Structure formats: C-alpha cells, structure tokens
Amino acid sequence: MELPPLESESAPTDSRLAAMCADAAYRAARSYQASFHAITRRAAVRFIARDWEGAQADAIERLQLYAAVLDPLVAEIGRLMGGRLQDTAVWAAIKAVYSSLIARCQEWEIGESFFNSLTRRVFSTVGVDSRVEFLDTDFDAPPTAPRESILRRLEGGALPALIIAALTEAELAAGRFPLLGDEAGEAASRINARLAPDGAVALEVMQSAFFRGKGAFVVGRAITADGAALPVAFGLRHRDDGIRLGALLLGETALAILFSFTRSHFHVHTPRPYEYVRFLCDLMPRKRTSELYTTLGYHKHGKTEFYRDFVQHLRRSTDRFVPAAGTRGMVMIVFTLPTYDVVFKLIRDQFDYPKDSTRHDVMAKYRLVFEHDRAGRLVDAHEFEQVRIEKGRFDPALLEELRRHATQSVRVGEEHVIIQHAYVERRVRPLNLFLAEADRETARAAVVDYGRAILELAAMNIFTGDLLPKNFGVTRSGRVVFYDYDELCWITDCNFRDLPEPQTHEQEMAAEPWYTVRDNDIFPEEFPHFLGLPDELLGALTRAHPGLFQADYWRGVQAAIRAGEIIEILPYGDEARI
C-alpha cells in the first residue's frame with residue numbers, strides 16, 4: 001500500500017494552518033487576559049499603600065496593553081499564513097477552532113472581541129463578515145459554569161456589623177479602619193431609613209472592590225426579609241489615620257453616576273466578567289451592557305456589545321439618521337438616529353475659520369481623552385471604521401452634507417453608506433439648548449455645574465479651550481459634560497495672564513488688543529464677555545465660581561499640577577458623604 005506523502009512544513013494543509021493560527025490567537029488572548037488581571041489585582045495593593053502614582057501608571061499600562069499584545073500577534077499570523085493571509089476559507093476554519101478553545105475560558109466573550117480585533121486588522125472589513133468575525137456570540141448560553149459566586153451574602157446580625165464585615169474582608173483586609181464603627185452606624189441608619197426602618201436587612205456585595213483614582217468602592221445591594229432591594233456603594237478613602245468610609249451611595253441613579261460613561265475605567269478583579277456585568281445590570285437596569293463592560297476596563301468588548309445592540313436596533317426601527325441637535329460643528333459633522341441615544345461624529349474634510357487644526361490633531365485629542373482621567377466630565381467615545389448602513393436610513397439633506405464635506409470619513413454608494421471613520425458617543429442635550437428650555441432654577445443649577453465641570457477638568461490638567469455652552473451637554477442625570485475636543489489642551493501648556501491696564505486714552509478705547517498676545521495666552525477676565533449667558537445666569541456662575549475669571553486661580557492650579565499633586569474629583573455630592 002502506498003502511503004500519502006508527508007505534509008511539508010513550508011506548506012501546511014488548511015486544517016493544520018487553521019489549528020496553528022487558532023492556537024497562536026488563543027495564546028495571545030490568554031496572555032492579554034493574564035496581564036490585564038495582573039495589573040488590575042495591583043489596585044488593592046496600591047490603594048492600601050496610598051501609591052497614587054503607581055495607580056496612575058497602572059491605568060495607562062492597562063489601556064495600552066491591548067495593542068501591545070495584538071501587534072505582535074498580527075505579525076505572527078502574517079508569518080504563519082504567508083500568501084494565504086486573506087484566505088477567507090482558512091480564516092473561517094481558524095474561527096471555528098478558536099471558538100472551541102475559548103469555550104473552556106471564564107472570559108470567552110472577551111476572547112471573541114480579541115479575535116474580531118485580529119481579523120479586522122488583517123481584512124479591514126467593510127461592515128461585518130460573520131465568517132471571520134463574531135458578529136454575534138457563538139454561545140447561546142455561557143459555555144462555562146461559574147467556579148465560585150461573585151457575591152458575598154452577609155446576614156443574621158446587626159446591619160452596622162454586616163457593613164464592617166463587608167468592608168474589611170478580602171482585598172481590603174490589610175487596611176486600617178480606625179473609625180469604621182461610627183461610620184458603619186451612620187451608613188446603617190441611612191440604609192434603614194430608605195429601606196427597612198423596623199426590619200432586618202442583609203447585604204449582598206461583590207467579592208471584588210472597585211478601585212479608581214484615590215478611591216475604592218464596595219458595590220452591592222441591601223435586601224429586606226421580604227425581598228425589597230436597594231443598590232448600594234460604600235466609598236472608601238484614605239485619611240491621615242487610615243481608611244475611612246467616606247460616602248454611601250444609595251439607589252440606581254447614584255450608582256449610575258459612579259459608573260458613568262464620562263468617567264475613567266475601574267480596576268476591579270473580574271475573573272468572570274459576564275457575571276459581574278449581569279449583576280451590575282440588575283443594580284442599574286437602564287445602563288447598557290456595553291457601557292458596563294467599558295467601565296470595567298473591557299473597552300474593546302464594550303465596543304462589540306454596542307455594535308451588536310446597534311445592529312439589532314437598526315433591524316427593529318425605521319427612522320432615519322438626521323443632524324444632531326445643537327450648533328453646526330466647525331470640525332465635526334454630528335448626526336443621530338432619533339430612536340437611539342448616541343451620536344456619530346465624522347471629521348470634516350475642511351475646517352471652518354478660525355479653526356486651524358488638522359485631522360491628525362483631532363484624532364490625537366480623542367486619543368488623549370481615552371487615556372486620561374476624565375473626572376466624570378468628558379464623554380467616552382468608541383472609534384469605528386468601515387461601518388456599512390443602508391442608504392435609505394439617511395435623511396437626504398444629511399446625505400448631501402456627508403457627500404460634500406466628509407469624503408475622507410464616508411463613502412456613499414448606490415445602496416449603502418460606508419462610514420470609514422467615526423466616533424460614537426452617548427447623546428446629551430447641548431447646554432445652550434438646555435438653558436433656553438429650562439426653568440430658572442434648573443438653568444441656574446446647570447450653569448453652576450457648567451462652571452464646576454470646567455474647574456474639575458482643570459484639576460485634571462485639561463483646559464477645554466472653547467468654553468462656549470454649545471460645546472457642553474447635559475446628561476439624563478443632570479450633570480454637565482464636555483464633548484468638543486478639537487481645542488482641548490493641557491492646563492500646563494497655557495499662559496494665564498491678567499489683562500494689562502491701559503496706559504493711554506488711545507489704548508483704553510482701542511477696538512483690538514493693544515498688547516502682544518501669543519497663541520497660548522489666555523485672559524480669564526475676558527471669559528464673561530464671550531460666553532453668551534444672560535446676565536442672571538452669568539451672575540450665578542460668577543458668584544459660584546469666582547476663580548473661573550481670575551488668572552491667579554488658574555496659575556494656582558498649574559502650580560499644584562506641576563508640583564505633582566494628584567487631585568481627585570469625587571463621583572458623588574455632599575449628600576452622600578459620611
């Protein structure tokens with residue numbers, strides 16, 4: 001009998017090649033997840049040791065980790081496949097083998113998105129190709145069972161004692177809690193007042209604490225004997241004498257602000273992210289799954305979940321994309337689907353005068369926002385490429401604007417619109433429109449929060465550049481956030497100056513500045529003249545935040561930042577403090 005020839009090492013069969021490539025992708029995905037968890041697990045150690053600079057370095061390292069693992073994988077796959085790199089049949093086989101490998105993992109959904117990132121780097125697919133991408137998950141139900149519960153249930157004792165147990169076990173056990181007894185008693189009184197004044201209350205909290213900046217949060221719910229539940233988050237902060245229970249957040253709205261799309265990602269150990277996200281969805285049912293994955297640090301899978309939800313919405317709806325509410329953008333064309341609460345932002349081919357930045361500059365600003373501490377005031381954005389949408393879903397006037405002014409970002413075909421590059425953000429109400437619509441008290445509160453947003457961003461070394469209310473928006477929880485990034489810059493790059501006193505009558509009456517002004521010169525005293533606010537609202541802003549209009553204040557912020565002071569913006573108000 002004649003034996004078949006031995007397989008040549010230089011030309012493996014399709015099945016062998018698929019197995020080799022799937023194994024390489026699987027090993028890279030596991031390496032990414034292992035490094036992700038190693039960085040994340042350091043958060044508890046950093047918090048207990050008050051190592052804030054180390055925590056900041058970890059945040060940056062974790063954000064950059066994805067590309068650090070994916071880039072060498074793309075090169076390895078290129079070497080393995082050679083001339084068959086874009087052979088769709090082989091890639092379909094790779095996907096099938098890879099799916100069987102990640103079925104053994106507790107983080108299979110993160111593995112699917114990792115594979116999508118790989119194939120999109122190889123193919124630059126227009127739309128989505130389900131043969132080589134996980135458009136929908138391969139699993140109708142989680143392929144693996146939980147190894148242990150992600151929750152701890154504490155019951156059978158007085159509520160203050162249960163709170164102390166919840167805060168001093170597991171990751172935080174090494175911390176010092178000098179006044180926790182008194183603080184736990186105050187927290188228990190607030191929970192009982194909201195939930196069960198006369199009954200026993202149990203606690204159900206997540207096994208892992210949530211770390212961000214200088215704070216840590218233990219998240220869960222308080223439950224009565226008859227099953228009534230109240231979402232809770234215990235906020236821990238350091239004082240000179242040790243760790244203190246600094247705040248108690250109660251209810252869905254308070255937790256939604258803590259987990260906002262305007263805040264930087266948490267560091268929380270999630271050996272099974274699927275279970276963590278589902279529990280958080282129980283606490284905050286109005287939150288999208290995509291936002292919760294993102295806030296846990298799984299930005300790429302958050303993008304996958306968003307796209308899946310978006311595609312499903314397109315199938316269920318019939319409305320058209322239209323220009324978003326607000327002032328026409330000089331740099332971006334912004335449009336939205338009325339029944340879906342996001343906006344699409346496309347960079348214009350040419351920017352209106354006096355804008356002098358470039359497309360590359362704008363993209364760099366969005367990257368800066370992604371990597372920087374957003375302090376609850378900068379809207380997170382997903383960056384998408386090669387998205388295909390039916391042409392009939394676009395308003396004709398919008399379609400014409402895209403054809404004329406966004407040819408580098410969009411391609412209009414006979415049947416489809418191909419969005420070659422876009423940023424997708426949660427839709428908020430532009431502040432200028434909100435102020436025109438709101439009653440006096442609501443408008444006054446929004447203007448005060450607008451000033452607070454500017455100053456909180458300054459504490460994070462961010463100057464928004466263009467302070468006009470049209471560049472800010474109001475979230476559904478009433479918070480003012482910033483979303484126009486093309487003029488954003490570092491506070492430490494600005495030169496905040498006092499207005500020079502005129503020395504002559506001619507100088508005093510001059511229509512143009514008689515003094516030298518450089519590109520980075522900023523005169524806070526002039527802010528009131530161009531904000532366009534009615535006198536009543538401008539007065540409220542000035543009284544609440546006088547430093548906003550004083551160069552000395554801004555120079556003081558610069559000095560603190562340059563001295564290495566790490567300022568944290570708390571994700572709760574005074575009413576939540578203990």
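These numbers come from a predicted model, not from an experiment.
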Discussion item. Quick one, V387 with I418, criterion side-chain contact (heavy atoms from CB on, under 4.5 Å). Give me CA distance, side-chain angles, the key distance, then yes/no.
Written reply: CA-CA 6 Å; V387 177; I418 309 300; over 6 Å; no
Worksheet, complete the sentence: Nearest heavy-atom contact between L65 and F36 is CD2-N, 3.4 Å
Worksheet item: If you measure only the distance, is there a donor-acceptor pair under 3.5 Å linking the side chains of H37 and Q33?
Response: no
Response to the item:
R440 meets the salt bridge (charged side-chain N to carboxylate O under 4.0 Å, His left out) criterion, sequence neighbours left out, with E536
Discussion item. Taking the ring centre of each residue, are F211 and F266 less than 6.0 Å apart?
Written reply: no
Item to complete: Kindly state each residue pair satisfying side-chain hydrogen bond (donor to acceptor under 3.5 Å, both in side chains) with at least one member in residues 538-551, sequence neighbours excluded.
Response: none
Worksheet item: Less than 4.0 Å between a side-chain N and a carboxylate O, is that true for E275 and R278?
Response: no
Worksheet entry | Those residues that, when tested against R429, pass salt bridge (charged side-chain N to carboxylate O under 4.0 Å, His left out) (two or more places apart) | E437
Item to complete: Using a strict cut-off of less than 4.0 Å between a Lys/Arg side-chain nitrogen and an Asp/Glu carboxylate oxygen, indicate whether R479 and D449 qualify as a salt bridge.
Response: no
Worksheet item: Can you check side-chain contact (heavy atoms from CB on, under 4.5 Å) on L398 and V322, steps first, answer last?
Response: CA-CA 6 Å; L398 171 61; V322 296; 5.5 Å; no
Worksheet entry | salt bridge (charged side-chain N to carboxylate O under 4.0 Å, His left out) against R286, all qualifying residues, sequence neighbours excluded | E252
Item to complete: Tell me yes or no: between the side chains of N495 and D521, is some donor less than 3.5 Å from an acceptor?
Response: yes
Item to complete: Verify the distance criterion only: is there a donor paired with an acceptor across the side chains of T339 and R316 at less than 3.5 Å?
Response: no
Worksheet entry | Note: R263-D380 ion pair, threshold 4.0 Å (strictly below) | no
Worksheet item: Taking side chain as C-beta onward, heavy atoms only, is L402 less than 4.5 Å from F394?
Response: yes
Worksheet item: Ion pair present between E53 and R46, side-chain N to carboxylate O less than 4.0 angstrom?
Response: no
Discussion item. Strictly below 4.0 Å, N to O, side chains only: are E383 and K303 in salt-bridge contact?
Written reply: no
Worksheet item: What do you reckon, are the aromatic ring centroids of F384 and F344 less than 6.0 Å apart?
Response: no
Fill in: Identified side chain to side chain contact (heavy atoms under 4.5 Å, CB included) partner of I454 from the options F472, F482, F527
F472
Practice prompt. Would you please indicate yes or no on a ring centroid separation below 6.0 angstrom for Y366 and Y423?
Written response: yes
Worksheet item: Do F306 and Y293 have ring centres separated by under 6.0 Å?
Response: no
Item to complete: Answer yes when R404 and D349 have at least one side-chain N-carboxylate O distance shorter than 4.0 Å, and no when they do not.
Response: no
Worksheet item: Applying the side chain to side chain contact (heavy atoms under 4.5 Å, CB included) test to F234, which of I578, L248, L249 qualifies?
Response: L248
Worksheet entry | Check: F370 ring centre within less than 6.0 Å of H299 ring centre | yes
Worksheet entry | Worked verdict on F47 versus W52 for side-chain contact (heavy atoms from CB on, under 4.5 Å) | CA-CA 7 Å; F47 175 76; W52 312 131; 3.9 Å; yes
Discussion item. For a quick check under 3.5 Å, do S113 and N116 share a side-chain donor-acceptor pair by atom type?
Written reply: no
Worksheet item: When you check the gap from the basic side-chain N to the acidic O, do K214 and E568 get nearer than 4.0 Å?
Response: no
Worksheet item: With D395, which residues qualify under side-chain hydrogen bond (donor to acceptor under 3.5 Å, both in side chains), at least two apart?
Response: none
Discussion item. I'd like to check the salt bridge (charged side-chain N to carboxylate O under 4.0 Å, His left out) partners of D341; sequence neighbours left out, ordered by chain and number.
Written reply: R288, R426
Worksheet entry | Salt-bridge present (R272, E109; N to O < 4.0 Å) | no
Worksheet entry | Presence of salt bridge, R308 and E112, under 4.0 angstrom | yes
Discussion item. So that I can tick it off, tell me whether R555 and D498 are bridged by a salt bridge, with the cut-off set at under 4.0 angstrom between side-chain N and carboxylate O.
Written reply: yes
Worksheet item: How about Y340 and H313: are their ring centres within less than 6.0 Å of each other?
Response: yes
